[in-house]
Amino acid sequence: RKNIKKLPIVLPLVLYHGSDKWNAPLNFRGMFEAHEDFTLFIPEFTYQLYDLSDYPDEMLMIGDSMAIAAVLYLFKHIFDEDFHEHATRALQLLAHIGDRRKMLRFLEILLRYIYNARNEDKEKVRKYIDTGLQHFDDEQAWEVAMTVADQIRQEGVEEGSKKATSSLLMKQLNIRFGKVTLLLRQNLINSDLDLLDQFGESIFDFENLEDAEAWWEMKTPRKG
C-alpha cells in the first residue's frame, strides 16, 4: 500500500547487574535448537548487553552526571557482601550534585531501590543508609530518608497482613469446598487488602467455588 510507513528503529539494550554471570544468548535465534535450513525463519532480534561486572568502577564514574554514576555504581555492587561501604560511596556521589532538587529526587529513588533489592533486615539496611547520609549537609535529605524508611516499613506491615489474610481465606475455602482453584488462588494472592476483606465478608454466602469465582469476575471485570 502506498500509505504504509516504515517502522522506527528500536535499539534493544540490557543493563545487567546480577550476582551471576550473564550466560543467555545475545539474540533470539540463539535460543532455538534448529537445523541451519530453518534459521531463515527465526528472527534475529539481537540486543546489546552491558554487564556492569565487566566495567571497573572508575569507568562508571566517567561523565558529568554524578546521579548516573551513583546509580550505575550502586547497581553494580547491590549484592556485594561489603555493600555498606559501597552504599556510603554511592550516597557520597549524590551529595555532590549541584542541583538540589535533582539530588533529592535521585536520593529517594536510590533509597527505595536499596530497601527493595537488599535481601536482609530493613533496620540493617537503614544503618547502611544512615552512615552514607553523614555526607549530606542537608536537612531535607534526612527527611527524605526518614520518609522512605517509614513508607517501606508500612508497606512491609501491609504486605504481611495481606499474606496472612489471603492464607486464611484459602484455608476457609479448603474447609468449605475441599479445594481452591488456580484462578481463586491467583486472585487471593494478587489482590489488595481491601478487596480481600470484602471477599472474606462474602465467603459464607457462596454455595460453591463457581460462586466465589463469579464474585471476583464481578469485582474485577476484564478490560476490553
Side-chain angles (χ1 to χ4, degrees), residues 15-20 70-71 74-75 77-80 83-84 87 90-91 94 101-133 136 139-224:
L15 180 65
Y16 178 70
H17 58 101
S19 54
D20 298 323
V71 169
L74 197 63
F75 276 6
H77 296 288
I78 188 65
F79 301 117
D80 290 4
F83 173 73
H84 60 285
L91 293 175
L94 284 186
R101 290 181 61 185
K102 182 177 181 181
M103 179 271 289
L104 293 173
R105 184 170 70 253
F106 271 86
L107 175 62
E108 180 178 356
I109 292 171
L110 284 190
L111 293 184
R112 289 187 177 279
Y113 173 70
I114 292 171
Y115 274 116
N116 287 291
R118 291 292 296 180
N119 187 24
E120 56 188 329
D121 181 75
K122 301 303 181 186
E123 289 304 316
K124 187 174 182 180
V125 174
R126 180 163 185 174
K127 291 180 180 179
Y128 301 159
I129 293 171
D130 287 345
T131 300
L133 287 175
F136 285 80
E139 184 176 343
Q140 195 169 354
W142 285 88
E143 291 176 358
V144 168
M146 288 188 291
T147 299
V148 170
D150 290 341
Q151 290 174 348
I152 293 294
R153 189 181 298 109
Q154 182 60 33
E155 290 169 4
V157 171
E158 292 176 356
E159 183 64 23
S161 180
K162 193 181 87 166
K163 287 182 179 179
T165 301
S166 63
S167 177
L168 176 61
L169 291 173
M170 279 190 269
K171 289 180 181 178
Q172 291 177 340
L173 288 171
N174 272 318
I175 292 172
R176 291 207 64 201
F177 305 116
K179 63 178 180 178
V180 179
T181 64
L182 178 60
L183 178 61
L184 283 172
R185 183 178 296 275
Q186 290 175 336
N187 284 328
L188 291 172
I189 291 174
N190 298 324
S191 297
D192 59 36
L193 191 57
D194 180 62
L195 205 54
L196 291 175
D197 288 339
Q198 293 180 43
F199 181 77
E201 293 173 358
S202 304
I203 196 170
F204 293 105
D205 297 331
F206 306 141
E207 296 184 0
N208 47 52
L209 288 174
E210 288 75 15
D211 289 345
E213 291 181 343
W215 186 94
W216 284 104
E217 288 183 5
M218 179 183 67
K219 291 291 184 178
T220 56
R222 295 179 181 178
K223 295 181 180 180

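Note that these values count all heavy atoms, side chains included, but never hydrogens, waters or copies made by symmetry. Please read all numbers here as calculations on a predicted model, not as lab measurements.
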Shortest non-hydrogen separation from [X] to [Y] and the atoms involved:
| X | Y | answer |
| --- | --- | --- |
| Ser161 | Leu193 | OG-CD2, 3.6 Å |
| Leu188 | Leu196 | O-CD2, 3.5 Å |
| Leu74 | Ala90 | CD1-CB, 3.9 Å |
| Lys162 | Ser191 | CD-O, 3.1 Å |
| Leu107 | Leu91 | CD1-CD2, 3.8 Å |
| Ala117 | Ile78 | CB-CG1, 3.7 Å |

Nearest-0.5 Å distance, [atom1] of residue [X] to [atom2] of residue [Y]:
| X | Y | atom1 | atom2 | answer |
| --- | --- | --- | --- | --- |
| Trp215 | Leu184 | CH2 | CG | 10.5 Å |
| Asn190 | Leu195 | CG | CG | 11.0 Å |
| Tyr128 | Thr131 | OH | OG1 | 9.5 Å |
| Gln140 | Leu104 | CD | CG | 5.0 Å |
| Asn187 | Met170 | CG | CE | 11.0 Å |
| Asp197 | Asp192 | CG | CG | 9.0 Å |

So does [X] have more than 12 non-hydrogen atoms from other groups sitting under 6.0 Å from [atom1]?
| X | atom1 | value |
| --- | --- | --- |
| Asn119 | CG | no |
| Lys127 | NZ | no |
| Glu207 | CD | no |

* Asked: For the residue pair Phe79 and His17, does the interplanar ring angle fall in the parallel (under 30°), tilted (30 to 60°) or perpendicular (over 60°) class?
  ->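 It falls in the parallel class, under 30°.
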
The side-chain hydrogen bond (donor to acceptor under 3.5 Å, both in side chains) partners of Asp194 (sequence neighbours excluded) come to Gln198

**Report entry** Ring centres under 6.0 angstrom apart (Trp142, Phe136)
**Finding:** no

Q | Check: Phe206 ring centre within less than 6.0 Å of Phe177 ring centre | A |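 No: the rings miss the under 6.0 Å criterion.
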
Would you say Asp205 and Asp211 make side-chain contact, with heavy atoms under 4.5 Å?
no

- Ile152 side chain near Asn116 side chain, heavy-atom distance below 4.5 Å: yes

If we count only N and O atoms by modelled type, under 3.5 Å, do the side chains of Tyr113 and Glu108 hold a donor and an acceptor together? no

Side chain to side chain donor-acceptor pair (under 3.5 Å) pairs touching residues 145-159, sequence neighbours excluded, are Arg112-Gln151, Glu123-Arg153, Asp150-Arg153, Gln154-Glu158

Contacts satisfying side chain to side chain donor-acceptor pair (under 3.5 Å) that involve residues 166-186 (not counting sequence neighbours) are Thr181-Glu213

Open item on the list: Under a 3.5 Å distance rule, please check whether Asp80 uses its side chain to pair with a backbone N or O of Phe83 as donor and acceptor.
Closed with: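 It does not hold such a pair.
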
